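Report on the structure given below.
None of these values were measured; they are calculated from a predicted model.
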Amino acid sequence: GRQSFITTNAIATEKYGVELREYLIKKCDIQQLVTFDELRVFDEVDRQYLIYIVSPSLRNNDCGIIRYSENSFEYEFTIDQDEFLTYSNNSFRIDLTTEDISIKEKVDDKSIDLGRLCFVNPGIVAHSASDSSLDFGKDDVIDEKSGEGKRKYISGGDIGRHEIQWDGKYIDYGTYEEHFHRPKFSEMFESSKIMFGNISGAESAVRSCYEKEGYYSNHSIVHAVQWEPEIEKRSSSMNYDSIDNADQYDQRYVAGLANSKLATYYFANFLATGTLQGSYSRVSPENIRQLPVREMVFESPNRNNNFEVEN
């Protein structure tokens, strides 16, 4: 027997579908995946769609990729369905070419994940926790007045590639620090870091900026702070495989790579969910941890500090 559904293409990439995709890959025969690209299949629904055809018995691993174009279904190519297990979140990456796969293998061979160099976490959720003795919302803690306990504050829309546009807002972190929903420790904000917008630019371009002014943010920005003993101590409950010489990688070097065309290509093709309107995609902490950073071989412990970069 066979099962087939037409559904939003979120099923191919979104994190909530990880276990379903793993089950289909390992336990079923994924016979065909049919993509409609940007076509608006249903006039009143502004979403992209996918058809999957599966059989509950594993007869072979050949998955046919079909593309609908100009009122006809065209066979594109066949892929071993086990290949999907090698992609982030077991994603059905059905637009990849053999050249894309070759590029990924070469990049991965010479790179380490950004998450091995940096602690990566989103900013504050700017309202009170459910068990807090205080009851407050975003407007109660964010304004344009400086003062004791106030910290410079930005949100995702203020982040561009290599730039931050602060609009004069502050967050009263000192007063409410222990009462925020999912509070964060101050070292994450006050260390030099790379800040990422949690929604990409057009064409899935990664938006990030190196900064050392100690900006605080809400959860629409993801912070990447270099691993060091104090950061590891404060995040001890998280299982990240940091490398021993993470401190030798200048964050400005990492930030430059994160904003490069290669990083955007890698994110767009191998990490992005592509399920927001247009060519935009949500950028999760997990995505950022998986961005490739060219591995360096240091001849001396401080070799990377023998130059200065003008800000």
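- In terms of heavy atoms, Phe77 sits closest to Ile94 at CZ-O, 3.5 Å.
- Counting heavy atoms from C-beta outward, Leu20 and Ile11 have side chains that approach closer than 4.5 Å.
- Looking at Ser130 and His181, their side chains never bring a donor and an acceptor atom within 3.5 Å of each other.
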Check the pair Val107, Leu262 against side chain to side chain contact (heavy atoms under 4.5 Å, CB included), reporting the backbone distance first and the verdict last. CA-CA 9 Å; Val107 170; Leu262 176 60; 4.2 Å; yes
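- Of all non-hydrogen atoms in Leu117 and Ala246, the two that sit nearest each other are O-CB, 3.9 Å.
- No chain of hydrophobic side-chain contacts below 4.5 Å, direct or via other Ile, Leu, Val, Met, Phe, Trp or Tyr residues, connects Val225 to Ile154.
- With rounding to the nearest 0.5 Å, the separation of CG in Asn269 from CZ in Arg93 is 8.0 Å.
- Annotation: the span from Ile142 atom CD1 to Asn218 atom CG amounts to 6.5 Å, rounded to 0.5 Å.
- For the atom pair CH2 of Trp227 and OG of Ser242, the computed distance is 6.0 Å after rounding to the nearest 0.5 Å.
- Classified by interplanar angle (parallel below 30°, tilted 30° to 60°, perpendicular above 60°), the ring pair Tyr68/Phe36 is tilted.
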What verdict does the salt bridge (Lys or Arg N to Asp or Glu O under 4.0 Å) test give for Glu213 and Lys152, after you've listed the backbone C-alpha separation in whole Å, the side-chain angles of each residue and the deciding distance to 0.1 Å? CA-CA 9 Å; Glu213 300 299 320; Lys152 287 185 176 180; 5.4 Å; no
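- Donor-acceptor pairing under 3.5 Å is lacking for the side chains of Asp62 and Thr78.
- Considering only heavy atoms from C-beta on, Tyr253 comes within 4.5 Å of Met296 through its side chain.
- Other residues, nucleotides and ligands place more than 12 heavy atoms under 6.0 Å from the CZ atom of Arg40.
- Using cut-offs of 30° and 60° on the angle between ring planes, the pair Phe180 and Phe136 is perpendicular.
- For the atom pair CG of Asn71 and CG of Leu39, the computed distance is 9.0 Å after rounding to the nearest 0.5 Å.
- Tyr266 and Asp108 share a donor-acceptor pair across their side chains, judged by distance under 3.5 Å alone.
- By the 4.0 Å N-to-carboxylate-O rule, Lys15 lies close enough to Glu286 to be salt-bridged with it.
- Between Tyr173 and Tyr153, the ring centre distance reaches or exceeds 6.0 Å.
- In this structure, Asp167 and Glu144 approach most closely via the heavy-atom pair O-OE2, 4.4 Å.
- A salt bridge between Glu211 and Lys193 is present, with a side-chain N of the basic residue lying under 4.0 Å from a carboxylate O of the acidic one.
- Classification of the Tyr170-Trp166 ring pair by plane angle, with boundaries at 30° and 60°, yields perpendicular.
- Across Ile243, Leu257, Leu114, a single residue satisfies side chain to side chain contact (heavy atoms under 4.5 Å, CB included) together with Tyr249, and that is Ile243.
- Ionic pairing of Lys169 and Asp143 is not present here: no N-O contact between side-chain nitrogen and carboxylate oxygen is shorter than 4.0 angstrom.
- Considering only heavy atoms from C-beta on, Cys63 comes within 4.5 Å of Leu33 through its side chain.
- Side-chain contact between Ile124 and Phe189 is present, with at least one heavy-atom pair separated by less than 4.5 Å.
- Here the closest non-hydrogen pair linking Ala224 and Val120 is CB-CG2, 4.2 Å.
- Between the side chains of Tyr280 and Glu203, no donor N or O sits under 3.5 Å from an acceptor N or O.
- For the atom pair CZ of Phe185 and OG of Ser191, the computed distance is 8.0 Å after rounding to the nearest 0.5 Å.
- Side-chain contact check for Asp158 and Tyr215: no donor-acceptor pair (N or O, by modelled atom type) lies under 3.5 Å.
- Across all their heavy atoms, Ser200 and Val283 have their closest contact at N-CG2, 3.7 Å.
- Taking every heavy atom of both residues into account, Gln48 and Glu38 meet most closely at NE2-OE1, 3.0 Å.
- By the rule that hydrophobic residues join a cluster once side-chain heavy atoms approach within less than 4.5 Å of another member, Val222 and Val254 end up as members of one cluster.
- Hydrophobic clustering (ILVMFWY, side-chain heavy atoms < 4.5 Å, transitive): Ile66 and Phe5 are in distinct clusters.
- With a 6.0 Å radius and a threshold of 12 heavy atoms from other residues, nucleotides or ligands, Glu99 has its CD atom at or below the threshold.
- Side-chain contact between Ile164 and Ile159 is present, with at least one heavy-atom pair separated by less than 4.5 Å.
- Annotation: side chain of Ser217 is in contact with side chain of His223 (closest heavy-atom distance under 4.5 Å).
- Using modelled atom types and a 3.5 Å distance limit, the side chains of Glu74 and Ser69 yield no donor-acceptor pair.
- Two residues are said to be in side-chain contact when any heavy atoms from C-beta on lie closer than 4.5 Å; Leu50 and Val34 fail this criterion.
- Judged by a 6.0 Å distance limit and a 45° cone about the ring axis, Lys104 is positioned over the six-membered ring of Phe270.
- With hydrogens and angles left out, the side-chain atoms of Ser88 and Gln290 include a donor and acceptor closer than 3.5 Å.
- The structure places CD1 of Ile288 at 12.5 Å from CG of Asp113, a figure rounded to the nearest 0.5 Å.
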Intermediate values then yes/no, ring-ring contact (aromatic ring centres under 6.0 Å, His included), Phe92 and Tyr87: CA-CA 8 Å; Phe92 294 159; Tyr87 302 143; 9.9 Å; no
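- Judged purely by atom type and a 3.5 angstrom limit, Arg21 uses its side chain to pair as donor or acceptor with the backbone of Asn89.
- Side-chain contact between Glu295 and Ser111: absent, with no pair of heavy atoms (C-beta onward) separated by less than 4.5 Å.
- A side-chain donor-acceptor contact under 3.5 Å links Glu190 and Tyr216.
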